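Before any comments, here is the structure.
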Amino acid sequence: MRFTVVTTNKGKLEEFEQIFKQYNLRYRVELLKTKEIQSSDLREIAKESVLYAYNILREPVLVEDAGLFIDSLNGFPGPYSSYVYKTIGVGGLLKLMNNIEERSASFKSVIGFYSPYTGIKFFAGEVRGSISYESRGVSGFGFDPIFIPDEGDGRTFAEMEVHEKNKISHRGRSSKKFIEWITSLEALPTPYGDDR
Ligand code: IMP
C-alpha cells in the first residue's frame with residue numbers, strides 16, 4: 001500500500017528514509033504541520049495528528065510523535081519535548097540537570113498510521129540511555145547531542161551516523177514494527193497489495 005509520511009521535521013525524515021529505502025516501501029513525503037493536542041500520552045497525540053492529516057490528504061498517512069523522558073524529572077519534558085527544545089533548548093535542559101547525578105532517560109516514539117482499509121494502527125519504540133554532562137556531536141537533531149544510549153559505546157546520538165542511530169533508536173524500533181506490519185499486508189490480496 002502506498003502511504004504518505006507527514007512531518008515537518010527534516011531530522012526525523014532523514015531517519016525514516018534511511019530505513020524505508022532498505023525495504024522498497026512505496027511512500028511519498030508531505031511537509032505538513034499537523035495539529036498536536038496537549039496530552040501527556042504520545043499515543044493520544046499521534047492519534048489526533050494522524051486523523052488530522054488523513055482528513056486533509058485523504059490518503060494512507062503515517063505520522064510520528066516522540067519525546068525525551070528524563071527519570072529524575074518525572075518524565076519531563078516527555079510530550080512537551082518539542083516546546084522545551086524551542087524555548088530553553090539543549091543548554092537549558094543541561095542547566096536543569098545541574099547537580100543531578102541520576103541521569104537516566106528514555107527516548108520514546110509512537111508511529112500512528114491510518115488508512116480506510118486498515119483503520120488506525122500504532123507502533124511504539126523506546127531506547128534507554130542517560131543525559132550527558134555536556135553537549136557532544138553535530139549529527140541528528142533536537143536532544144541528540146546530550147543523549148547517550150545504553151546500548152552504544154559512550155557516544156551521544158549526535159556523534160553517530162544516521163544508520164547507527166537507527167539500529168538502536170526509539171524511531172528505528174517503531175519503524176521496524178511498522179515495516180513488519182505493512183510488508184505483511186502487501187502479501188495479502190487487494191485492497192492492501194494494490195496501488196490505491
Ligand atoms: P515531535 O515528535 O515533533 O512532537 O517532537 C519531539 C521533540 O522531541 C523534538 O522536537 C526533539 O526535540 C525531541 N526528539 C524526539 N525524537 C528525537 C530524537 O530522535 N533525537 C533528538 N531529539 C528528539
Side-chain angles (χ1 to χ4, degrees), residues 5-20 29-53 61-70 73 75-97 103-113 122-132 134-152 155-178:
V5 177
V6 182
T7 182
T8 52
N9 183 323
K10 300 263 164 64
K12 279 187 187 181
L13 198 54
E14 194 184 352
E15 291 173 20
F16 279 133
E17 302 218 284
Q18 196 274 334
I19 304 179
F20 289 176
V29 175
E30 180 76 38
L31 299 174
L32 169 75
K33 179 130 190 65
T34 58
K35 192 172 110 196
E36 283 206 4
I37 57 157
Q38 288 273 325
S39 167
S40 55
D41 183 359
L42 293 183
R43 192 178 155 123
E44 277 304 307
I45 300 170
K47 179 179 167 194
E48 291 303 316
S49 171
V50 78
L51 294 177
Y52 178 89
V61 277
L62 177 154
V63 303
E64 189 232 22
D65 203 68
L68 174 65
F69 295 73
I70 301 177
L73 303 180
F76 182 84
Y80 312 107
S81 296
S82 155
Y83 180 72
V84 169
Y85 180 74
K86 279 186 229 143
T87 50
I88 62 171
V90 166
L93 202 57
L94 279 180
K95 263 193 205 141
L96 274 183
M97 296 291 291
R103 304 184 76 87
S104 56
S106 297
F107 264 128
K108 294 184 191 176
S109 154
V110 174
I111 288 177
F113 181 90
F122 299 102
F123 306 88
E126 177 171 356
V127 55
R128 293 284 299 159
S130 61
I131 304 298
S132 60
E134 71 290 307
S135 174
R136 291 200 322 253
V138 291
S139 315
F141 68 99
F143 295 110
D144 278 346
I146 56 167
F147 187 84
I148 305 170
D150 284 347
E151 289 155 81
R155 282 178 296 162
T156 65
F157 269 161
E159 294 177 305
M160 296 182 183
E161 304 278 342
V162 177
H163 72 272
E164 291 178 294
K165 178 180 172 189
N166 272 341
K167 252 186 226 158
I168 51 176
S169 78
H170 50 317
R171 186 163 302 105
R173 288 182 170 143
S174 59
S175 297
K176 270 167 214 137
K177 288 185 191 164
F178 164 72

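Counting starts at 1 for both ligands and their atoms, in listed order. All figures in this text were calculated on a predicted structure; none of them were measured in a lab. Because only heavy atoms are used, hydrogens play no part in the values below, and waters and symmetry mates are left out as well, while side chains stay in.
In this structure, the separation between CG on Leu68 and CD1 on Ile131 is 4.5 Å, given to the nearest 0.5 Å. Interatomic distance, Lys10 NZ to Leu31 CG, rounded to the nearest 0.5 Å: 6.0 Å. Atom CG of residue Asn9 and atom CD of residue Glu14 lie 10.5 Å apart, to the nearest 0.5 angstrom. Rounding to the nearest 0.5 Å places OG1 of Thr34 at 10.5 Å from CD of Glu48. Interatomic distance, Lys33 NZ to Thr7 OG1, rounded to the nearest 0.5 Å: 8.5 Å. Distance check, rounded to the nearest 0.5 Å: OG1 of Thr156 to CD of Glu134 gives 9.0 Å.
Where the criterion is an N or O separation shorter than 3.5 Å, residue side chain and backbone included, Glu15 fails it with respect to ligand 1. Among the atoms of His170, some N or O lies under 3.5 angstrom from an N or O of ligand 1.
Of the protein's non-hydrogen atoms, Arg171 NH2, 3.0 Å is the one closest to atom 16 (N) of ligand 1. Of all protein heavy atoms, the one lying nearest to atom 20 (N) of ligand 1 is Asp144 OD1, 2.6 Å. Summary of contacts: the protein heavy atom closest to atom 14 (N) of ligand 1 is Phe107 CE2, 3.8 Å. When hydrogens are left out, the protein atom nearest atom 4 (O) of ligand 1 is Asp65 OD1, 3.2 Å; that is the closest non-hydrogen contact. With hydrogens left out, the protein atom closest to atom 5 (O) of ligand 1 is Ser82 CB, 3.6 Å, a heavy atom. Protein heavy atom closest to atom 8 (O) of ligand 1, with residue, atom name and distance, is Ser81 CB, 3.1 Å. The shortest contact between atom 1 (P) of ligand 1 and any protein heavy atom is with Lys12 NZ, 3.5 Å.
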Which side-chain N or O atoms in residues 137-149 pair as donor and acceptor under 3.5 Å with protein atoms at least two apart or in another chain?
from   : atom 1 : to     : atom 2 : distance (Å)
Ser139 : OG     : Ala158 : O      : 3.2
Ser139 : OG     : Met160 : O      : 3.4
Asp144 : OD1    : Lys165 : NZ     : 3.1
Asp144 : OD2    : Phe141 : N      : 3.0
Asp144 : OD2    : Lys165 : NZ     : 3.0

Let me check something: any side-chain donor-acceptor pairs from residues 122-130 under 3.5 Å, sequence neighbours excluded? List them with distances.
from   : atom 1 : to     : atom 2 : distance (Å)
Glu126 : OE2    : Ser106 : OG     : 2.8
Arg128 : NH1    : Asp71  : OD1    : 3.4
Arg128 : NH1    : Asp71  : OD2    : 3.3
Arg128 : NH1    : Ser106 : OG     : 2.8
Arg128 : NH2    : Asp71  : OD2    : 2.8

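With Pro79, Ser169, Ala66, Pro77 as candidates, the residue nearest to atom 6 (C) of ligand 1 on a non-hydrogen basis is Ala66. Taking all heavy atoms of Gly78, Gly142, Ser109 into account, the minimum distance to atom 11 (C) of ligand 1 is reached by Gly142.
Neither the backbone nor the side chain of Phe147 has a heavy atom within less than 4.0 Å of ligand 1. Proximity of Phe143 to ligand 1, defined as any heavy-atom pair under 4.0 Å, is shared by backbone and side chain alike.
Distances below 4.0 Å separate heavy atoms of Tyr85 from the following atoms of ligand 1: 12 (O).
Ligand 1 has no atom lying under 4.0 Å from any heavy atom of Leu68. Within the 4.0 Å heavy-atom cutoff, Lys165 counts among the residues contacting ligand 1. Not a single heavy atom of Phe157 lies less than 4.0 angstrom from ligand 1.
Just one of Arg173, His170, Glu64 meets the side chain to side chain donor-acceptor pair (under 3.5 Å) condition when paired with Ser109; it is Glu64.
Using a 4.5 Å heavy-atom threshold, the side chains of Val63 and Phe113 count as separate. At a threshold of 4.5 Å between non-hydrogen side-chain atoms, the residues Ile70 and Pro77 count as touching.
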